Amino acid sequence: MQIKEPKFEISAVSQKQYPTNGLPEIVLVGKSNVGKSSFINTMINRKKLARTSSEPGKTRQINFYNMDNKFYFVDLPGYGYSKMSKQEQCKVNGFIDEYLHIRKNISLIILLIDIRHSPGTNDKLMYDYIIRSGLPFIVIANKADKIAITKVDNAVNMLQKELNPIADFTFLPFSSERKIYSEKVWDYLTTYII
């Protein structure tokens, strides 16, 4: 899919700030610095629409990116960032929880996990949370450029075995450096936004 005029629309921390145009929303969740913003930029072939940072914990609000008035990529703050104060963590977790609970426009959740590591405690908690929500979701094994291309499929299978041994959910590799995976991800996403 080609996105011609993507734009950042709003950062929200409460329901009254969410867009009201009824477009479907593809929601990105994952630990801090797993590459959610880079995922958005790579998918739409832009360098800087979603702001990226080498410093984890930069995203502290829910960011809505409008894709040609067809759908939104919604970037949630990363979890598991230890330098955020407990009070701030509670605040951020509160509005993430509110958004995931009440938002009717969510058409797909993308859980991003670093392909190089076993899922951490926070990843497993989020995975369970998403399953209990009953919302459609996909797991993206990100940073596939950090391992040999011949090891990517095996690494994705290992993640799936650990989180989803009965293999009834989709797990796909992704890399912001190697753009070879984008097309397969678009093929999957398109069914949720048309």
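Here the structure is a predicted model, which is why all the values come from computation and not from measurement.
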Would you please classify the geometry between the Phe174 ring and the Phe39 ring as parallel, tilted or perpendicular, with 30° and 60° separating the classes? tilted

Going by salt bridge (Lys or Arg N to Asp or Glu O under 4.0 Å), name the residues that satisfy it together with Arg46, two or more places apart in sequence or in a different chain. none

Output all residues satisfying salt bridge (Lys or Arg N to Asp or Glu O under 4.0 Å) with Glu162, sequence neighbours left out; order by chain, then residue number. Lys124

Residue pairs passing the ring pair (Phe, Tyr, Trp, His ring centres under 6.0 Å) test where at least one lies in residues 106-133, sequence neighbours excluded: Tyr127-Phe137

Filter on side-chain hydrogen bond (donor to acceptor under 3.5 Å, both in side chains), then keep only pairs touching residues 168-185, sequence neighbours left out; what's left? Thr42-Ser176, Asp145-Ser175, Asn164-Asp168

Partners passing side-chain hydrogen bond (donor to acceptor under 3.5 Å, both in side chains) against Asn66 (at least two apart in sequence or in another chain): Glu9, Asn69

Under the rule for side-chain hydrogen bond (donor to acceptor under 3.5 Å, both in side chains), what residues qualify as partners of Asp123, not counting sequence neighbours? Tyr79

Sequence neighbours excluded, which residues qualify as side chain to side chain contact (heavy atoms under 4.5 Å, CB included) partners of [X]?
X	answer
Pro136	Leu108, Tyr192
Ala148	Thr150, Lys151
Ala141	Ile115, Val156, Leu159

For the residue pair Met43 and Trp186, what are the closest heavy atoms and their distance? O-NE1, 3.0 Å

So Val29 and Met126, side-chain contact (heavy atoms from CB on, under 4.5 Å) or not? Walk me through it. CA-CA 8 Å; Val29 297; Met126 181 54 81; 4.0 Å; yes

With sequence neighbours excluded, give me every salt bridge (Lys or Arg N to Asp or Glu O under 4.0 Å) pair touching residues 93-122. Glu25-Arg103, Asp114-Arg116

Quick one: are Leu189 and Phe71 in side-chain contact, heavy atoms under 4.5 Å? no

Taking the side chain as every heavy atom from C-beta outward, state whether Ile40 and Asn63 have any atom pair closer than 4.5 Å. no

Determine all donor-acceptor pairs shorter than 3.5 Å in which one atom belongs to a side chain in residues 12-24; sequence neighbours excluded.
from  : atom 1 : to    : atom 2 : distance (Å)
Gln17 : OE1    : Val13 : N      : 2.6
Gln17 : OE1    : Ser14 : N      : 3.1
Asn21 : OD1    : Leu23 : N      : 3.3
Asn21 : ND2    : Tyr72 : OH     : 2.8

